[in-house]
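These numbers come from the heavy atoms of this one structure, side chains and all, not from hydrogens, waters or symmetry mates. Per chain, numbering begins at 1; letters A, B, ... match sequence-line order.
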Amino acid sequence: MPFEKVETQQVDFPALERAVLALWQRIEAFEKLREKNRTGPRWSFLDGPITANNPMGVHHAWGRTYKDAFQRYHAMNGKQLRYQNGFDCQGLWVEVEVEKELKLKSKRDIENLVPGDAFASIDHFVQQCQQRVDKFARVQTEQSIRLGYWMDWDRGEDWAKPAGERRSYFTMSEENNYSIWSFLKKCHNRGLVYRGYDAMPWCPRCSVGLSQMEMAEGYQLVAHRAVFVRFPLRGRVGENLLVWTTTPWTLSSNVAAAVNPELTYLKVLHKEQIFYLAKGAFTAQRLEEQWKKKEWVEGVPKLTTLEQHFKSKGGYEIVGEVKGADMIGWTYDGPFDELPAAREAAARHRVIAWKDVGETEGTGIVHIAPGCGKEDFHLGKAEGLPSVAPLDEYGVFQPGFGELTGKAAVDHSTTDWILENLQQKGVLFAVEKYPHSYPHCWRCKTELLFRLVEEWFIDMKWRDEIKRVVEQVTFLPESINGKARELDWLTNMGDWMISKKRFWGLALPIWVDEQTGDFEVIGSLEELKERAVEGWEKFEGHTPHRPWIDLVKIKNPKTGNKMSRIPDVGNPWLDAGIVPYSTMFYNRDRTDWEKWFPADFITESFPGQFRNWFYAILAMSTMMENRPPMKTLLGHALVRDQWDRPMHKSAGNSIPFEGAADEGYDLKDPKGKVGHYPPLGADLCRWMYSRHNPANNLDFGPEPAEELRGKFILKLWNVYGFFCNYARLDSFDPSAPSVPMSERTDLDRWILSDLQGLIRTARTAFENYNLMAFCLEAERFVDDKLSNWYVRRSRRRFWKSEHGTDKQAAYQTLYTVLMTLAKLFAPIVPFLTETIYQNLRTADQPESIHLCDYPTVDEALVDAELSDEMNFLLSLVSLGLSARNSAKIKVRQPLAEIKVLAGADSEERAAVERFGDQLREELNVKKVTLHDPEWGPLLTPEVKPNVKTLGPKFGSRLKQVVSAIAGADAAYLAAKVRASDTTELTLDGDSIQLEPADLVVSMKAEEGWFGIVSGDAQVVLDTRITEELAREGMARDVVRQVQEQRKEANLQMEDRITLFLGTESEKLRLSLDSHRDYIAAETLTVEWSPQSLTGDAVHRATVKVDGQALNIELKSSRLK
RNA sequence: GCGGGUAUAGCUCAGUUGGCUAGAGCGCAGCUCUGAUAAAGCUGAGGUCCUUGGUUCGAAUCCAAGUACCCGCACCA
């Protein structure tokens, strides 16, 4: 079976990949792989669900490459796998996109989609969400297939099935939702589910409260107008508290003012009024650090101290001090006491104590609005103060707030109105722009505000149980210390807010008796059916989503009252967190579940996940079974652009997956210039991801990609092409009997030995989830060892015309190496390796490389000694080339001799003896001599003064110092320098000190030789070029020029020629005459023409060899 | 503020349990090679392995402190 010719110019890798996809489909490669491993031992991978809300980007491909690579590796080792991909379906992110599509602006719009019919509206909206998920799940499926990700993907007819019956798992499936119900039931049985009334972070656009996890995502540095306002004290005429706030709208709901009892407060007299404020706050350089570090909002001036505020407003006088503790209980007039809603609070304004009040920001007196802040709420509760809740779910002032009613809290104009109003009342002391990090909705970027709401929580007081489970999991990569991060989160996290006042999501199975406040958690569909007293018929047949599930009512066994489901949907991390149970059908077949649980491996991008998915699966699994859901977790960092900036569609620096894989893409550089780039193909992306350190962000883009293509993909491809293109000419038969190792060359046995090392590295790397270690080693193997040494040194063995054992050995060796490499790399670059394999395989080998076994180490081929010796040889070659380079003699010019002084190591000497021929050829010398140390040194040190350093030290005495150095024993000085010792010299009776840097040591060889030293090894080259050597050098030049002309003449590699060489130069003629046979052999000349050739088919050129003109005329001898 | 991590060439990064003269790629400079050929290779310059102290025969590696950056948590008026 002949090999296909391999194109090595302009290879279209994406096209080859598409051909491989077609091949896989045609031969049903994936199905055959599953069948082959059907009864194998299990390897359980659990996919973290990808949000099916948009097309996948290149950043998703990192994790998916890992997922695929490890699965393929284990499959090649005969393991049985689940191959189940997951889609995350429910939640606000989908809702927001659907809102955009439908051009809806608020929750109100959603409920009015079908005018006047909230039920139908919600039903429609929920269906739209579901359809969006289906749409993008399909898109992502296609993209993943193109990436080469082998999963049990849904195909045509599968998409018509309910979500729960498809091949991939969908978190919107009934199985998933009801599994969460059983989790919540377990929590409830332990009394952990509770209803909380609290000031919660709230997004006024989405009309939804945010959990602690979500809060963390959305902090942004923004500047707000902060105000200093005075609260006149009651019963202390002319005296005021000075308070400060960055959210003026909350003043409308002021109830109290807090001071730190421990702090000292100043009485500042200003314009006949007394102002109280903390002593430390008066002169504090506010945000000094941030200003210095440039953590600032552009255009915002530097903050001034409070003292400066007073100065600039007409001066001040400090007239006394008072302890914070002594201020407790004072009463004051609030800024908006005239509002009806503030009536109750107005009567009770007083100064309260709060130990957390500081004096580095603000005034040391904190305005407390229990309806507008978490701390405020808890303080108010503790102090028995009323709460004023000013905002509705859209962040708009409710009735009772006078002119504020109907205004949105975060509107600029609302703040304007408030400031003006305070000004009119004469209580506004100062306004400033204040930059600070403020929470925003992570989804829609709207500024959050705090609102008093009722939400549902899981009490996380059982966090220690989760921690014990976490202890059993291996977190990788080690350097990011994932376990510590997870434990840290578990220590600090608050209770889990599981409710969302939205539409598309898990229906929280909480039914409430509104009259008594009793509530129940339903744990399954069956339980609900049993308990249902109303609405079941209408609900039956629907998925447990709004609005249908809301129709079902149950009865409170205590009171007989009807109980209704709370309208809230669930936090989406519940959806993703239950998948170790739901996707393995925990509630359906516990035995089967046990076979796959816990997962051997999960991998996701780590930023955020320690409080999201990792947290959710760990917490939920602890509650369900008190067991870790996975054994090993591999996290990876983020994909950035090639300039290390975050990728953003809007910045023009994100790369769509299709662009990277097939279509090419545009990219805007930091200067704003847009460039168009060709596609990379999936394998190149996969290799980029696999070779990268998962702990570090990856800078993805055309430049790093090109670099890798050049140094790895193309190198491998060129070697493969080299092999095939010669093997087909020679009709090499891979199934012919193998040449015994004893008859193979050292070079053959060396590359095979090092190949075993690479196999070992590969296996260790895959087992330890450290692909980088393997890929970097693989690059070195392909580049340095295979391409740059083995193939280069072996080329002539392939070219020669006779078909002897040596040629067969070379073919067999390279064939083995290529086949093995293809299998080693197959899990990482499945397309390229399949292409190579398909061309190399024989009929008796499996149809696809992915049906092959992963290579194992053959200890019989390992020869550590040979590897060491070869390494030394490589360093000698490098030394020799370096010597030639320094002596300015090009490699083409042959030289008479090289002498090598090896180190004390006997292996090094052995290497010189063993590989003398290699050294001779590679360095183009006639003779290699191993120098015996007993014959004396090859090189002697020569020490020169370093006048640059000596000049400043010795000034006018420099000349004397220089001659003293010249007079000293060079070997002694050199030894001192080598030992980094100070040298002492006597100069006119004085002793002078010379530092190592004052002396420049070089190693000199005897006349006519040029030497170089590296560690213990020394190499000297005979640089004397005799007439004969010069002639030979010229002959080699002639060969090269003729070859060049062959190429110019468009001759084929194997074409024979008739050649005429004409020159006026006597030297050149002599060279030609004495090397005629050599030139003929190298250039495939079968006939020498004594005179100028004639005819159209003659290719003519005049070139220069050694400065002399040479006429080259040649023609293909076929045309004769 | 609390906790964790990192700091190696101009840039991006490797560097296994402490062990030769600390490496690669890109970039830069100078070359070479030419039947893998619109490919490839070599050589060179460039290092306070963040700083200081400690442990050790020996530290880029281990320990402590400091500095800078990154991440996580808490983020407040």
Side-chain angles (χ1 to χ4, degrees), chain A residues 6 8-10 212 215-216 219 226 243-247 250 257-258 354 356-358 360-369 372-376 436-439 479-482 484-489 491-493 606-608 610-611 637 642 644 691-693 695-699 703-704 706-708 710-711 714-715 717-723 725-726 764 770 772-773 776-777 779-780 783-784 787-788 791-792 795-796 798-799 877-878 880-886 888 890-892 903 905 978 1013-1016 1039-1041 1043-1044 1046-1047 1051-1055 1082-1084:
Chain A
V6 175
T8 51
Q9 296 174 36
Q10 300 280 341
Q212 195 191 355
M215 273 275 279
Y219 276 90
V243 302
W244 176 79
T245 180
T246 54
T247 48
T250 61
W354 183 17
D356 288 344
V357 175
T360 52
E361 281 178 281
T363 63
I365 303 176
V366 178
H367 131 73
I368 301 293
C372 308
K374 208 168 189 68
E375 288 292 353
D376 303 43
H436 61 159
S437 150
Y438 192 84
S479 66
I480 64 158
N481 218 341
R485 286 195 196 188
E486 192 63 63
L487 291 171
D488 185 52
W489 163 256
T491 305
N492 293 309
M493 67 179 182
F606 60 74
F610 292 105
R611 61 171 182 270
Q642 67 182 31
D644 197 37
R691 80 185 294 277
H692 193 75
N693 183 344
N696 296 343
N697 289 337
L698 187 155
D699 296 346
E703 278 178 35
E706 277 312 313
E707 191 183 319
L708 273 184
K711 85 176 199 189
L714 278 179
K715 283 263 173 57
W717 187 262
N718 279 336
V719 172
Y720 155 70
F722 174 83
F723 172 83
N725 292 342
Y726 283 98
T764 310
N770 183 4
M772 177 180 81
L776 294 183
E777 186 63 34
E779 287 172 10
R780 282 191 287 268
D783 190 357
D784 300 351
S787 169
N788 199 27
V791 172
R792 192 152 62 88
R795 271 187 293 197
R796 284 183 180 270
F798 296 91
W799 295 343
V877 168
S878 182
L881 289 171
S882 176
R884 290 194 78 113
N885 213 35
S886 310
K888 303 243 180 274
K890 56 186 176 185
V891 179
R892 216 182 294 135
D905 210 334
R978 246 190 128 175
V1013 62
S1014 168
D1016 288 340
V1039 167
R1040 147 146 175 61
Q1041 298 290 359
Q1043 301 288 29
E1044 195 67 34
R1046 282 183 58 111
K1047 219 167 22 174
L1051 295 182
Q1052 292 297 306
M1053 232 158 63
E1054 60 274 17
D1055 286 346
E1082 290 293 313
T1083 57
L1084 301 184

On RNA chain B, check which nucleotide each of S479(A) and M493(A) is closest to and give me the residue with the more 5' one.
S479(A)
Between H692(A) and T1083(A), just flag the one whose closest nucleotide in RNA chain B comes earlier from the 5' side.
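Result: H692(A).
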Would you mind classifying the nucleic acid contact of [X] as base, sugar-phosphate or nothing, using non-hydrogen atoms under 4.0 angstrom?
| X | value |
| --- | --- |
| E779(A) | nothing |
| Y726(A) | sugar-phosphate |
| L776(A) | sugar-phosphate |
| D784(A) | nothing |
| K374(A) | nothing |

When you look at CZ of R792(A), are more than 12 heavy atoms from neighbouring residues, nucleotides or ligands closer to it than 6.0 Å?
yes
Hey, does E375(A) have a side-chain heavy atom less than 4.5 Å from the side chain of V366(A)?
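Of all side-chain heavy-atom pairs linking E375(A) with V366(A), none is under 4.5 Å.
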Hits for side chain to side chain donor-acceptor pair (under 3.5 Å) against T247(A), two or more places apart or cross-chain, chain-then-number order -> T245(A), T250(A)
Carboxylate-amine/guanidinium proximity below 4.0 Å for K715(A) and D783(A):
yes
F798(A) and F722(A) aromatic ring geometry - parallel, tilted or perpendicular at 30°/60° bounds
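Ring orientation, 0 to 90° scale: perpendicular.
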Heavy atoms from C-beta onward define the side chain here; which of [options] lies closest to that of [X]?
| X | options | answer |
| --- | --- | --- |
| V357(A) | rA36(B), rA77(B), rG15(B) | rA77(B) |
| N718(A) | rC75(B), rG15(B), rA36(B) | rA36(B) |
| R485(A) | rG41(B), rG15(B), rC71(B) | rC71(B) |
| F722(A) | rA36(B), rA77(B), rA14(B) | rA36(B) |
| D699(A) | rA74(B), rG25(B), rU12(B) | rU12(B) |
| T246(A) | rA39(B), rA77(B), rC13(B) | rA77(B) |
| P439(A) | rA77(B), rC76(B), rG25(B) | rC76(B) |
| N788(A) | rC13(B), rG41(B), rA36(B) | rG41(B) |
| N693(A) | rA14(B), rG72(B), rA77(B) | rA14(B) |
| H367(A) | rA77(B), rA36(B), rC71(B) | rA77(B) |

Does any N or O in the side chain of [X] come within less than 3.5 Å of the main-chain N or O of [Y], such that one atom is a donor and the other an acceptor?
| X | Y | result |
| --- | --- | --- |
| N725(A) | V6(A) | yes |
| Q642(A) | E703(A) | yes |
| E361(A) | W244(A) | no |

Which whole number of Å gives the distance between the C1' atom of rA7(B) and that of rA45(B)?
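The answer is 25 Å between these two C1' atoms.
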Same-atom distance (P) from rA22(B) to rA60(B), integer angstrom:
9 Å
To the nearest Å, how far apart are N696(A) CG and rG5(B) P?
15 Å
Just N and O in the side chain of [X]: are any of them under 4.0 Å from OP1 or OP2 of [N]?
| X | N | answer |
| --- | --- | --- |
| R795(A) | rA36(B) | yes |
| N481(A) | rU6(B) | no |
| K715(A) | rG41(B) | yes |

Test for a donor-acceptor pair under 3.5 Å between the base of rA36(B) and the side chain of S787(A), counting only N and O atoms.
yes
Can you give one letter per nucleotide of nucleotides 26-32 of chain B, 5' to 3': B if a protein heavy atom sits under 4.0 Å from the base, S if only from the sugar-phosphate, - if neither?
S---BSS
Only Watson-Crick and G-U wobble pairs with both distances less than 3.5 Å should count. Give RNA chain B in dot-bracket notation, marking inter-strand partners with |.
(((((((..((((.....[...)))).(((((.......))))).....(((((..]....))))))))))))....
